[in-house]
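Below is one structure, written out as structure tokens; the observations come after it.
For clarity, every value in this text was computed on a predicted model and none was experimentally measured.
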Amino acid sequence: MRHFFSIIGGMGTEATESYIHLLNERTPASNDQEYLNYILVNHATVPDRTDYILDNSKPSPLIPLMDDIKQQSQLNPDFFVIPCNTAHFFFEELQNATNVPILHMPKEAVKEIKIKYPNAKRIGLIATNGTIFDGIYDHEVQEAGYEIVKPTEHIQEETMELIYKYVKEKNEVNADLYHHILDEMQNELDSDVVILGCTELSVAEERAYNHDFKVIDAQSVLVDRSIERALENRKKAID
């Protein structure tokens with residue numbers, strides 16, 4: 001197979017399934033041959049990213065992720081996507097291990113703010129403890145000229161409950177809790193827009209999207225950028 005991209009997924013599997021579903025749903029295709037060529041690596045046993053970021057004595061996700069990148073690079077994909085926000089803590093090490101470009105999920109999500117919400121100034125972020133702690137989004141948001149708004153301890157506890165107790169453990173979305181978190185971020189912390197900085201939150205958005213809150217879904221943005229890049233590469237190959 002030529003002109004394909006590789007997806008390093010499984011973090012978690014339901015979130016990766018959501019990415020794949022949106023990818024296929026949004027691809028402009030009227031027959032089998034018009035869908036995109038890709039390889040999915042659903043590496044479900046990659047150690048928990050947040051556990052390691054908060055405690056470096058825990059098993060490192062970098063080792064298996066590095067193996068995946070190196071193995072897939074031998075197949076010469078056009079690019080990589082990693083549909084896990086917290087895994088971007090290791091972005092530089094992973095990109096340095098290959099000549100194949102890796103789409104940067106947080107960068108792409110922040111770029112989308114100007115397009116979708118041009119008047120936004122205060123950007124809220126909800127994500128795992130690991131993403132909040134290591135500041136994966138902080139630099140991108142501030143570099144783009146926005147003020148970043150982090151959750152309170154209480155909101156963060158609710159967010160982790162939604163991510164781990166419901167989506168990861170039960171494959172369920174507590175819509176009331178999800179909407180409540182968005183309400184707190186917007187109305188208590190005065191966020192103009194809220195970034196969904198965890199793919200489990202993207203699952204929540206996909207299944208409980210019936211709300212009026214202004215959000216930037218990082219996974220949804222990654223889907224769009226994946227399609228754009230893949231179609232551009234296909235066109236170049238034809239030309």
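Residues passing the salt bridge (charged side-chain N to carboxylate O under 4.0 Å, His left out) test with Lys235, sequence neighbours excluded: Asp239. Lys165 meets the salt bridge (charged side-chain N to carboxylate O under 4.0 Å, His left out) test with Glu161; sequence neighbours excluded. In this view, Asp48 and Thr50, Asp51, Tyr164 satisfy the side-chain contact (heavy atoms from CB on, under 4.5 Å) rule, not counting sequence neighbours. Applying the side-chain contact (heavy atoms from CB on, under 4.5 Å) criterion to Glu108, with sequence neighbours excluded, gives Lys111, Val221, Arg225. Here Asp183 pairs with nothing under the salt bridge (charged side-chain N to carboxylate O under 4.0 Å, His left out) rule; sequence neighbours left out. Partners of Arg122 according to the side-chain contact (heavy atoms from CB on, under 4.5 Å) rule, which considers only residues two or more places apart in sequence or in another chain, are Glu147, Val149, Asp190, Asp192. Residues that satisfy the side-chain contact (heavy atoms from CB on, under 4.5 Å) test with Glu172, not counting sequence neighbours, are Tyr166, Lys170. Residues that satisfy the ring-ring contact (aromatic ring centres under 6.0 Å, His included) test with Phe79, not counting sequence neighbours, are Phe5. Looking at residues two or more places apart in sequence or on another chain, you find a ring-ring contact (aromatic ring centres under 6.0 Å, His included) between His211 and Tyr178, His179, Phe213. For Glu14, the salt bridge (charged side-chain N to carboxylate O under 4.0 Å, His left out) test picks out Arg207, with sequence neighbours left out.
Defined by atom type and a distance below 3.5 Å, a donor-acceptor pair is missing between the side-chain atoms of Ser18 and Ser202. Inspection of the Tyr19 and Ser226 side chains reveals an N or O donor paired with an N or O acceptor under 3.5 Å. Looking at Asn42 and Thr13, their side chains do bring a donor and an acceptor atom within 3.5 Å of each other.
Among pairs with a residue in residues 30-41, those fulfilling side chain to side chain donor-acceptor pair (under 3.5 Å) read Asn24-Tyr38, Ser30-Glu34, at least two apart in sequence or across chains.
Of the listed residues (Glu205, Glu112, Arg26, Glu206), just one forms a side chain to side chain donor-acceptor pair (under 3.5 Å) with Ser220, and that residue is Arg26.
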If you look only at distance, which donor and acceptor atoms sit under 3.5 Å apart when one is on a side chain in residues 58-71 and the other is two or more places apart or in another chain?
residue: Ser60; atom: OG; partner: Leu62; partner atom: N; Å: 3.1
residue: Asp68; atom: OD1; partner: His43; partner atom: ND1; Å: 3.2
residue: Asp68; atom: OD2; partner: His43; partner atom: ND1; Å: 2.7

